[in-house]
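Here the structure comes first, spelled out in structure tokens, and everything after it is commentary.
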Amino acid sequence: MAREPEILFTTEEIAASVTRIAGAISRDYADRTPLLIGVLKGAFVFLADLVRHLSIPVEIDFVKLSSYGNEMESSGEVRTIAGLEQSVEGRDVIVVEDIVDSGVTLNHFLEDLRSRGPASVKLCVLVDKTARREIEVEIDYAGMQIDDEFIVGYGIDCGEQYRYLPDIRFVQNEPEVEQEESTP
Ligand code: IMP
Ligand code: MG
């Protein structure tokens with residue numbers, strides 16, 4: 001059984017990262033209206049906080065990607081289970097994701113996105129687990145770096161638990177989980 005998760009990043013630390021990223025995006029896109037694409041479900045809190053700190057207009061869309069595997073590791077197979085409502089053709093797109101771990105999920109989605117003719121694509125990620133990368137993914141806006149730790153809170157789950165927590169915590173022991181389909 002997993003022990004109660006312990007705090008890794010406080011609400012203040014997260015807010016500082018969000019404010020810093022929002023400032024950078026506002027400067028870089030000063031004369032444009034980018035389309036922010038949030039990757040559900042994990043990025044929903046991050047995206048909501050991020051847009052409220054921007055000083056530029058943006059449009060927002062979501063995708064929902066699914067990877068097969070247990071709840072703590074992605075299997076490498078990714079499929080889109082809810083797609084974009086807006087066209088990305090000619091748009092300046094910023095993909096907003098909670099975590100890049102192996103890089104498999106985002107690599108798959110970014111390839112698909114780039115084939116749809118956007119003017120530009122940038123990637124904004126709250127938590128970067130560089131040490132676990134299997135596929136190279138270029139991150140343009142990054143919040144925090146962590147080692148090989150499993151985290152929850154601030155929209156991020158473990159088996160659908162803990163998304164509601166306002167801070168980010170790490171799960172100390174891997175809970176026993178069954179092989180099933182999970183949403184990244
Ligand atoms: P990747 O395809 O291995 O990069 O995994 C990406 C997705 O796995 C992330 O978007 C998360 O939804 C999920 N994930 C990776 N690490 C964690 C974690 O520490 N806690 C919760 N979900 C995670
Ligand atoms: Mg995710």
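This chain uses plain numbering: 1 for the first residue, then up along the sequence. Below, each value reflects all heavy atoms present in this structure, side chains not excepted, and no hydrogens, waters or symmetry copies. Order of appearance sets the numbers: ligands from 1, and atoms from 1 within every ligand.
Under a 4.0 angstrom heavy-atom cut-off, G103 registers as being in contact with ligand 1. The closest approach between any non-hydrogen atom of V152 and ligand 1 is not below 4.0 Å. At least one heavy atom of D157 lies less than 4.0 angstrom from ligand 1. Residue contact check for ligand 1: K129 places a non-hydrogen atom closer than 4.0 Å to it.
You'll find the side chain of T130 reaches within 4.5 Å of the side chain of Q145, heavy atoms only. Q172 places none of its side-chain heavy atoms less than 4.5 Å from the side chain of E4. Proximity of V96 to V39: side-chain heavy atoms (C-beta onward) are nowhere separated by under 4.5 Å. Side-chain contact check for V45 versus I156: every heavy-atom pair is 4.5 Å or farther apart. The shortest distance between side-chain heavy atoms of K129 and D147 does not fall below 4.5 Å. By the 4.5 Å heavy-atom criterion applied to side chains, F170 and P5 are not counted as neighbours. The shortest side-chain heavy-atom distance between F9 and S17 does not fall under the 4.5 Å cut-off.
Heavy-atom proximity to E149, at under 4.0 Å, picks out these atoms of ligand 1: 19 (O). Less than 4.0 angstrom separates some heavy atom of S102 from each of these atoms of ligand 1: 1 (P), 2 (O), 3 (O), 4 (O). Of all atoms in ligand 1, numbered sequentially from 1 with element shown, those under 4.0 Å from a heavy atom of I156 are 20 (N), 21 (C), 22 (N). When each atom of ligand 1 is checked for a heavy atom of T105 under 4.0 Å away, the hits are 1 (P), 2 (O), 5 (O), 6 (C). Residue-ligand proximity, V104 to ligand 1, at heavy-atom distances under 4.0 Å covers atoms 2 (O), 4 (O).
Residue I99 holds the heavy atom nearest to atom 22 (N) of ligand 1 of all those in I99, V125, L126, I146.
Where the criterion is an N or O separation shorter than 3.5 Å, residue side chain and backbone included, V100 fails it with respect to ligand 1. Residue L106 places no N or O, backbone or side chain, under 3.5 Å from any N or O of ligand 1. Checked by distance only, ligand 1 and F150 stay at 3.5 Å or farther apart across all their nitrogen or oxygen atoms.
Distance alone, capped at 3.5 Å, places no donor-acceptor pair between the R20 side chain and the A15 backbone.
Both the backbone and the side chain of I151 come within 4.0 Å of ligand 1, judged by heavy-atom distances. Neither the backbone nor the side chain of E134 comes within 4.0 Å of ligand 1, counting heavy atoms alone. Of all the heavy atoms of D98, the ones lying under 4.0 Å from any atom of ligand 1 belong exclusively to the side chain. In E97, the part holding a heavy atom less than 4.0 Å from any atom of ligand 1 is the side chain.
Checking I168, V171, L126, D157 one by one against I151, the side chain to side chain contact (heavy atoms under 4.5 Å, CB included) holds for a single residue, I168.
Listed here is the closest heavy atom pair of V100 and R133: O-NH1, 3.3 Å.
Remark: the D167 side chain and the T10 side chain contain no N/O donor-acceptor pair separated by less than 3.5 Å.
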